[in-house]
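One structure is given here, and the rest of the page talks about it.
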Amino acid sequence: MRDCSPNPAYVGRFAPSPTGDLHFGSLTAALASYLQARTMNGQWLLRIEDLDPPREVAGSADRIIADLRRFGMEPDRAIMYQSCRREAYTLASTRLLDSGLAFYCSCSRKSLPASGIYPGTCRNGISPGIRKRNCAIRVKVAAQPIEFTDVVQGLQRQDLQTSCGDFVIRRADGLTAYQLAVVVDDAHQGVTEVVRGADLLDSTGRQIWLQQKLGLSTPGYLHLPVAALHDGSKLSKRLGSDPVRNLPPAAALRSALKFLGHEAPALSLAGTWQWALENWSPALIPRQQTRPWNAGLQQNQLRA
Ligand code: GLU
């Protein structure tokens, strides 16, 4: 018997960027985060990461929300939009600047090395006369590796100095970088476990670093295999990334479960949910960072 009393100690979330419709890959992240929260009797939140207006696809946030609803995934609190959280991000970057852990950077993208590792050019100040308002803000990382144990991917060790160097928290165009926004918002919402695709595993070290410097607690992390093409590249807009709206929901759910290592029998949508809630086990999720996108597909059932 499952104990169904609410567990205020677990808060999970799904945090899509509205840069396209919910496709098979994002469905697996929504599903896994939802099942983790539900089987822990915790809360499941939805946060729309609309930080970057130029990359937004008009209407996609509403379509993602409607698609999740169509599957039966309802968040436990009002949906949060990152576009409403600018003040909180400014406060966090100001704190990092004031404590000497962040600095203004006037380097153009072109002047940076191809490795992507920041050479430290503006660490000791920018030339007088350059307007800070037009600069990026970077944080000063040290040679201190970050370690954490991911529920699926196991022990991780990330050395920020050799993997990315001083990284950007505010872009020169004034937009907040994903790394800072996600940390500020996960803490604000009291998220205790982050479930998302392994394409963000590399970002986790930067996020833990920011949590430590901002005095925020570090949630647990569970990084799922990402649906990829056979050559390992991520699903693109063209290939295998049809909106899940075009698929029958029960079959799409069953395919996503299969992709995540759970073989459900063919049932109705309600029956598939019941099966999933009774059988969900993160230990069954394949310990891979990418998986062929059709590993979970049941072709004949996916033809609507
Ligand atoms: N907004 C990010 C994305 O859609 C995910 C952020 C996260 O889960 O931390 O790729």
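In each ligand, atom 1 is the first atom listed, and ligand 1 is the first ligand listed.
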For residues 214-222, dump all side-chain donor-acceptor pairs below 3.5 Å to protein atoms at least two apart in sequence or in another chain.
{"from": "Thr218", "atom 1": "OG1", "to": "Gln211", "atom 2": "OE1", "distance (Å)": "2.8"}
{"from": "Tyr221", "atom 1": "OH", "to": "Gln211", "atom 2": "NE2", "distance (Å)": "3.0"}

Answer yes when Arg171 and Asp52 have at least one side-chain N-carboxylate O distance shorter than 4.0 Å, and no when they do not.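 A salt bridge links Arg171 with Asp52.
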Does Asp76 come within less than 4.0 Å of Arg38, counting only side-chain N to carboxylate O?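 Between Arg38 and Asp76 there is a salt bridge, with a charged N closer than 4.0 Å to a carboxylate O.
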Is there a side-chain contact between His262 and Ser281, using heavy atoms and a 4.5 Å cut-off?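 Side chain of His262 against side chain of Ser281, heavy atoms only: contact under 4.5 Å found.
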Kindly write out the residues that satisfy salt bridge (Lys or Arg N to Asp or Glu O under 4.0 Å) with Arg70, not counting sequence neighbours, or none if the list is empty.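 Listed in chain order: nothing, the list is empty.
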Contact list for residues 41-83, test ring-ring contact (aromatic ring centres under 6.0 Å, His included), sequence neighbours left out: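 Residue pairs passing ring-ring contact (aromatic ring centres under 6.0 Å, His included), neighbours aside: Tyr34-Trp44.
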Return the protein residues near ligand 1 (heavy atom under 4.0 Å from any of its atoms), ordered by chain and residue number.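 Lining ligand 1: Arg13, Ala15, Pro16, Ser17, Glu49, Tyr178, Val182, Arg196, Leu200.
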